[in-house]
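Below is one structure, written out as structure tokens, with a few remarks after it.
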2 protein chains.
Amino acid sequence: MPASIRDVASHAGVSLGTVSNAINRPEVLAPGTLRRVQKSIDELGFIPNASARKLRAGRTRVVGLMVPDISNPFFTDLAKGVSEAALAGGYVVILCNTDESAEKEQQYLDVLTAQNVEGILVTPARDSIRALARVAEKGIRLVLVDRTSQGLAACSVAFNDLYGGALAIDHLYENGHRKVILLTGSENIPQVAERNRGLREAMNKFPTHDQVELSEIRIDSMTTFASYEAVKLRLESSFDFTGIICGNDLIALGAIRALREKNISIPGDVSVVGYDDIDFAKNAWVPLTSISQPAFELGYAAAELIISECESPERHVHQKIEFQPRLIVRESTGPVALKASKLMIS
Amino acid sequence: MPASIRDVASHAGVSLGTVSNAINRPEVLAPGTLRRVQKSIDELGFIPNASARKLRAGRTRVVGLMVPDISNPFFTDLAKGVSEAALAGGYVVILCNTDESAEKEQQYLDVLTAQNVEGILVTPARDSIRALARVAEKGIRLVLVDRTSQGLAACSVAFNDLYGGALAIDHLYENGHRKVILLTGSENIPQVAERNRGLREAMNKFPTHDQVELSEIRIDSMTTFASYEAVKLRLESSFDFTGIICGNDLIALGAIRALREKNISIPGDVSVVGYDDIDFAKNAWVPLTSISQPAFELGYAAAELIISECESPERHVHQKIEFQPRLIVRESTGPVALKASKLMIS
DNA sequence: TCTCAGGATTGAACCGTTTTAATCTTGTGC
DNA sequence: GCACAAGATTAAAACGGTTCAATCCTGAGA
């Protein structure tokens, strides 16, 4: 039903090859011919069939994006960045939400190769390196997002999680906090592990006579609600800390809620640091101090990387782009207060 | 580089057509042959090339999803529902974030037709009906999401916004609120207009001697921050209301923040009703009473609809699926209090 | 043993592009 | 007026599948 290149050719009174040239290499055509063909294209509303195009030229101009959880605003922003960069480059992105399931990830990998995507932007779950390697063998280019390329010949864009972890603890340390709780996610998630490592390494730099006492609560699902429950439970035993460092902002929001229910003031009694700096953090009841990771930019950069690799593979060389996280100080943190010290005695 | 159907054929010692049959109509093959071909397929890791497939058979198994703002958790959930249903049906979804820009919408529409998607799930911006009609002519099936099909021959899934609006005002009315503020988005957005209409129609049913006094504040961008600013400004003039109805939850969160900064208690002094029941609403500092719209289910239903249309177009008949919103009462609303009445006098 | 029906398999055309080699025009210099 | 180069255009092959008409088997019935 839609107009084909043949329709355009006969409408313009030229051969089919000429129309193709008009589209892909306009400079080889005589100006008059080009104009005539253009006119026919417009009149017929011709849009080249991408499947046929791909079949012949091996180019689909489609990339896949695989994220573990699109409901997390961090990944939402990332996706926005990716699709904006893609659109600008004439590409299109297939969204794959893996729900952190290795099975879904494999399923999507198959679908994406069947669709002949030119590249995949992926935040890999635990250990899908092998599956990814198999995909790479098929000639599909990879960019690892928010994760560095472990032995995989691929580009990567990531944040310096080591540094981010340090940023959080340093901030609390400078404000006098010496008893801190770490609300972390599972260390199976590489980013989480890295941040925690960075945090501990930073602690080693504090003078031995003035150390921070750190205790850890693991929150497996990294959601607001799970965090709320965990902190509520923790507060029932004893309240002996002045700072909380959270694995992400959702966790921080849950913690804040639990604290306020107990009438614990923020930052009067307890300072809270989040991670990701999602939009909701900024507008939370107590605006949240957080580690900002510009997800949109990360996504944009990742998409640009893969597009440039697709456009000129010969002169492409794999690269690692690292973004530095930044500490955004808002009202949820402050200097440790006398009042808090008193509370700690109880 | 990847194995083609020919490779499989020679590997299995059969003709190319037989391999195709093994994939698409296994029942016509002799069991032994089928097994042999299957084995070759597995060994070579053959995945049929979707482009070639489409070219001949006219099927891409790709659908597009166009949403105005993927950062809004409502649309995020929707997208999740869509892609889950798609995956289950062997389809794949291309995500298009239009940022409410008609230009981007057109751009994406072109890309999607070039990609030969079989269908598009779209939440149309203002008046893109004409552009959509043009797409439909090309044989691309449409499902309107969260919007009914105005004269367009297409399926639609939507919420009963009229009812949702009524739900909100009725709830406040029953709790004794008679002075209410409506924090609405632009009425150019059809859903917003519908909700407001439903709200007003419900008000007409109240006895004439006991009416609600409604004043309206328009918040153009429907974000938390915009709402926060608007409400803060409003509170500076006079505080003479006991209830607030919000165009969505983001707006409600902003309003709550502004109220609390003024030490206005919720729901003691003012009750707040949101719309959408996003996840953050439930875990907000004051858990938010909201109108629940199961976005995930909506997306899932929409995707199923379009897939079934694609699979058997002949016996398909366009349908309208309407979901009923539900009122979820949480702590942000309550009966109007004496204290509040007193305040109103000032 | 021969015929024939029916299922299993094959071969070739075709989908809508890109691309390359071949052909057709022009215009220039002698 | 002719040969030839350069530029413009075209024809045909190829991409990797699907599909359908044609062919090949096999076994049953005569």
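Chain letters run A, B, ... following the sequence lines, proteins first and then strands; every chain starts at 1.
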Under-4.0 Å side-chain N/O to phosphate OP1/OP2 contact, B/T33 with C/dT9: yes
Nearest atoms (heavy-atom pairs only) where B/P294 meets B/F159: CD-CE2, 3.5 Å
With sequence neighbours excluded, residues passing side-chain contact (heavy atoms from CB on, under 4.5 Å) with A/S4: A/R6, A/D7
For A/Q115, side chain to side chain donor-acceptor pair (under 3.5 Å) partners two or more places apart: none
Protein-nucleotide distance (B/N116, atom CG; C/dG16, atom P), rounded to Å: 10 Å
Non-neighbouring partners of A/E194 that pass salt bridge (Lys or Arg N to Asp or Glu O under 4.0 Å), sequence neighbours left out: A/R197
Protein-nucleotide distance (B/R56, atom CZ; D/dT18, atom C1'), rounded to Å: 6 Å
Spacing of A/R53 atom CZ relative to D/dA14 atom C1', expressed in whole Å: 17 Å
Separation of C/dT18 P from A/L29 CG (nearest whole Å): 13 Å
Enumerate, atom names and distances included, each donor-acceptor pair closer than 3.5 Å involving a side-chain atom of residues 26-42 of chain B, sequence neighbours excluded.
residue : atom : partner : partner atom : Å
B/R36   : NH1  : B/A12   : O            : 2.7
B/S40   : OG   : B/H11   : ND1          : 2.8
B/S40   : OG   : B/R36   : O            : 3.4

Interatomic distance, B/R36 CZ vs C/dT9 C1' [rounded to whole Å]: 11 Å
B/D146: salt bridge (Lys or Arg N to Asp or Glu O under 4.0 Å) partners, not counting sequence neighbours: none
Proximity to DNA chain C (any heavy atom under 4.0 Å), residues of residues 42-51 of chain A only: A/F46, A/P48, A/N49
From D/dG16, C/dT17, D/dT9, nucleotide with atom closest to B/A52 side chain: D/dG16
Donor-acceptor pair under 3.5 Å, B/R6 side chain vs D/dG16 base: yes
Interatomic distance, B/L55 CG vs C/dA13 P [rounded to whole Å]: 17 Å
Under the side-chain contact (heavy atoms from CB on, under 4.5 Å) test, residues paired with B/E311 that sit two or more places apart: B/R59, B/R61, B/Y91, B/I307
Rounded interatomic separation in angstrom, taking CD1 from A/I5 and C1' from C/dT18: 8 Å
Polar side-chain atom of B/T98 near backbone of B/V67 as donor-acceptor pair, under 3.5 Å: yes
Within-4.5 Å side-chain heavy-atom neighbours: A/Y108 and B/S83: yes
Distance, rounded to the nearest Å, where A/D7 contributes CG and C/dC15 contributes P: 12 Å
Side-chain heavy atoms of B/V62 within contact of B/E118, under 4.5 Å: no
Listed partners of A/A52 passing side-chain contact (heavy atoms from CB on, under 4.5 Å), at least two apart: A/N49, B/L55
Helix axis bend for the helix from C/dT1-D/dA30 to C/dC30-D/dG1 - C1'-based end axes, five pairs, 10° rounding: 60°
Pairing residues for B/D99 by the side-chain contact (heavy atoms from CB on, under 4.5 Å) criterion, not counting sequence neighbours: A/K80, A/E84, B/N97, B/K104
Close side-chain approach of B/L121 and B/M66, heavy atoms under 4.5 Å: no
Pairwise side-chain contact, A/L144 with A/L132, heavy-atom cut-off 4.5 Å (strictly under): yes
Please write out the pairs of protein N or O atoms and N or O atoms of nucleotides 25-28 of chain C separated by less than 3.5 Å, giving the distance to one decimal.
none

Residues touching DNA chain D, which here means a heavy atom under 4.0 Å, drawn from residues 9-28 of chain B: B/L16, B/G17, B/S20, B/N24
